[in-house]
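Start at 1 and go down the list; that is how both ligands and their atoms are numbered. Source: prediction; values computed, not measured.
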Amino acid sequence: MLCLPLKALLENTLGVLKESFFAFALAGLFPPFACPMDKLVIKGGARLHGEVEISGAKNAALPIMVASLLTSGESVIKRVPDLADVKTMGKLLENLGAAFHYESGTAMIRTERINKHTAPYELVKTMRASVLVIGPLLARTGRAKVSLPGGCAIGARPINLHLMGLKKMGAEITLEEGYVVARAKRLRGAVIYFDIPTVTGTENLMMAASLAAGTTIIENAAKEPEVIDLANALNTMGAKVRGAGESTVEIVGVDSLRPLSYCVIPDRVETGTFMTIAGITGGDILIKNCRAEHNDALITKLKEAGIITGQENSTTVRLKGPRRPSGHDIKTMPYPGFPTDMQAQFMALMSIATGTSIIRETIFENRFMHVAELKRMGADIDIEGSTATVRGVSKLKGADVMATDLRASASLIVAGLVAEGKTTIHRLYHLDRGYERIDEKLRGLGAAVERLRDGR
Ligand code: EPZ
């Protein structure tokens, strides 16, 4: 057996370990800057106060990054949050031949050489938003091969409506070994009705229709602010998208689009999460760089629960939490209804409210996985089908809890900030997908929060 000097052997082993670590990271199995074993330790009880700045919206940045595929040249997108999903989307675009560079909130994407057409399973399975490349790839190159996303923690999440619309626009679509294989010489305008107002479905078809021959009408379109932001971004490229934010969107196809130069809207789910944190800690928080009007449904419910909100100016809102919120019912609905992405955080708030709250989840079939973890902290919650009954308790107790999906992770932070003692949240990579520097932002508000790196 060749006997290598010990130092060389160790270096060799370390090198292999490092490579495999980053191989996993490159495959998007977990973000390169976080380890699956990272955890967040929170010592509850502080009443948070001070100012917090909201980052750019993940769910606007992702489709707008993909819109760069529709043009050849360098697109510059500002206020892109530093998130695992953004890095995964960057890798996906590079996989297709783009050049991707991200620095201090700005994404630069060069798309002169889009010469590949496959979004591989390794990337798509970690980020469902990868399906957004189907429409633009078809529109730009006439071909797309994208892994079916498969289910995720919160539900089956099919893309049948995306594919139905593309077929109506003339695409030939087959399913081959778990991949959607799509071809179209040139997409043509069509009238498309969505049984469900799908957000990424609306976005996928808006992008595909921008370069189609003729006019496309999407009926029962999603109205989310992120859909409007994408439409505004497409129109700066020379697209003709009308009616985004309404039920009916009209897209008049054009022959070519110019590169993107755009600044993304603030993240309304991050905004809502900090609003809920102000409410549960009885704090006094100034939320800056936000668009409060994107959270109207949540703000209405927070006010009913006793949280005082004041709009300081068009991008700043102040929230003061009561000693203890009162319980209120919610039912998640497509925008402008109560957002499903705030259901888990609001449930954490209701878990210490006075009285009982009924929480109905109508968008996803499995979005109560935070309930078991909240119950480990002393919450009194029963689930029956898509309805959770939350009986408010006077206090929660810190515990070791497991993050199961992005917004469930946020609800555990909300609960941990008010719980007595220490809460340790495991599997932090879920959180890193959608919240930029949240531990730093929380410490800035006086929270006792520490991120423990792998294994510490
Ligand atoms: C977007 O997901 C968001 N993701 C989700 O945010 C958000 O929860 C969701 O919209 C609802 O608001 C991004 O924008 C990247 P949908 P999307 O298509 O587009 C069914 C987060 O936490 N449906 O609007 O995938 C579907 O199963 C994430 O940031 C079909 O049946 O959601 C669901 O029940 C989680 N067929 C409902 O529609 C389809 O073809 C709404 O889904 C498409 C969707």
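Under 4.0 Å from ligand 1, the heavy atoms of K58 that appear belong solely to its side chain. Using a 4.0 Å cut-off between heavy atoms, D341 contacts ligand 1 through its side chain alone, with no backbone atom that close.
When Y335, F194, F364 are ranked by how near their heavy atoms come to atom 32 (O) of ligand 1, first place goes to F364. For atom 11 (C) of ligand 1, the nearest non-hydrogen atom from the set T340, I154, D405, L161 comes from T340.
Considering only non-hydrogen protein atoms, atom 17 (P) of ligand 1 sits nearest to T200 OG1, 3.6 Å. Given atom 18 (O) of ligand 1, the protein heavy atom at minimum distance is T198 OG1, 2.7 Å. Given atom 4 (N) of ligand 1, the protein heavy atom at minimum distance is N59 ND2, 3.7 Å. Considering only non-hydrogen protein atoms, atom 20 (C) of ligand 1 sits nearest to I196 CD1, 4.0 Å. Looking from atom 36 (N) of ligand 1 to the surrounding protein, the closest heavy atom is N160 OD1, 2.7 Å. Here the heavy atom of the protein found nearest to atom 35 (C) of ligand 1 is R367 NH2, 3.6 Å.
Considering both main-chain and side-chain atoms, E365 never comes within under 3.5 Å of ligand 1 through any nitrogen or oxygen pair. For ligand 1, the polar-atom distance check against I363 finds a nitrogen or oxygen pair separated by under 3.5 Å. Remark: ligand 1 and E203 share no N or O pair separated by less than 3.5 Å (distance only, no angle test). When only interatomic distances are considered, the shortest N/O to N/O separation between V199 and ligand 1 falls below 3.5 Å.
Here the closest heavy-atom approach between residue G189 and residue T216 is recorded as CA-OG1, 3.3 Å. Listed here is the closest heavy atom pair of I425 and A403: CG2-CB, 4.2 Å. Smallest separation of non-hydrogen atoms from A190 and K168: CB-O, 3.5 Å. Taking all atoms of both residues into account, the shortest heavy-atom contact from L138 to A171 is CD1-CB, 3.8 Å. Annotation for G97 and I114: closest pair C-CD1, 4.2 Å, computed over non-hydrogen atoms.
The pair K58-D341 does not count as a salt bridge, with every side-chain nitrogen at least 4.0 angstrom from each carboxylate oxygen. In this structure, K301 does not pair ionically with D329, as no charged nitrogen and carboxylate oxygen lie closer than 4.0 Å. A salt bridge does not link R268 to D296: none of the charged nitrogens lies less than 4.0 Å from a carboxylate oxygen. For D82 and R437, the salt-bridge test fails: no basic side-chain N is under 4.0 Å from an acidic carboxylate O.
Atoms of ligand 1 found under 4.0 Å from any heavy atom of I159 (numbered from 1 in listed order, with element): 39 (C), 40 (O). With ligand atoms numbered from 1 in the order given, ligand 1 contributes 21 (C), 22 (O), 29 (O) to contacts under 4.0 Å with heavy atoms of R407. Atoms of ligand 1 found under 4.0 Å from any heavy atom of R128, numbered from 1 in the order shown, are 25 (O). Within ligand 1, the atoms closer than 4.0 Å to a non-hydrogen atom of H162 are 40 (O), numbered from 1 in the order shown.
For the ligand labelled ligand 1, residue R157 lies inside the 4.0 Å heavy-atom shell. Heavy atoms of P158 approach ligand 1 to within less than 4.0 angstrom.
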So E224 and T202, side chain to side chain contact (heavy atoms under 4.5 Å, CB included) or not? Walk me through it. CA-CA 10 Å; E224 272 69 2; T202 303; over 6 Å; no

Check the pair I134 / H162 against side chain to side chain contact (heavy atoms under 4.5 Å, CB included), numbers first and verdict last. CA-CA 9 Å; I134 301 177; H162 300 232; 5.8 Å; no

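Side-chain N/O atoms of Y435 and R407 include a donor and acceptor closer than 3.5 Å.
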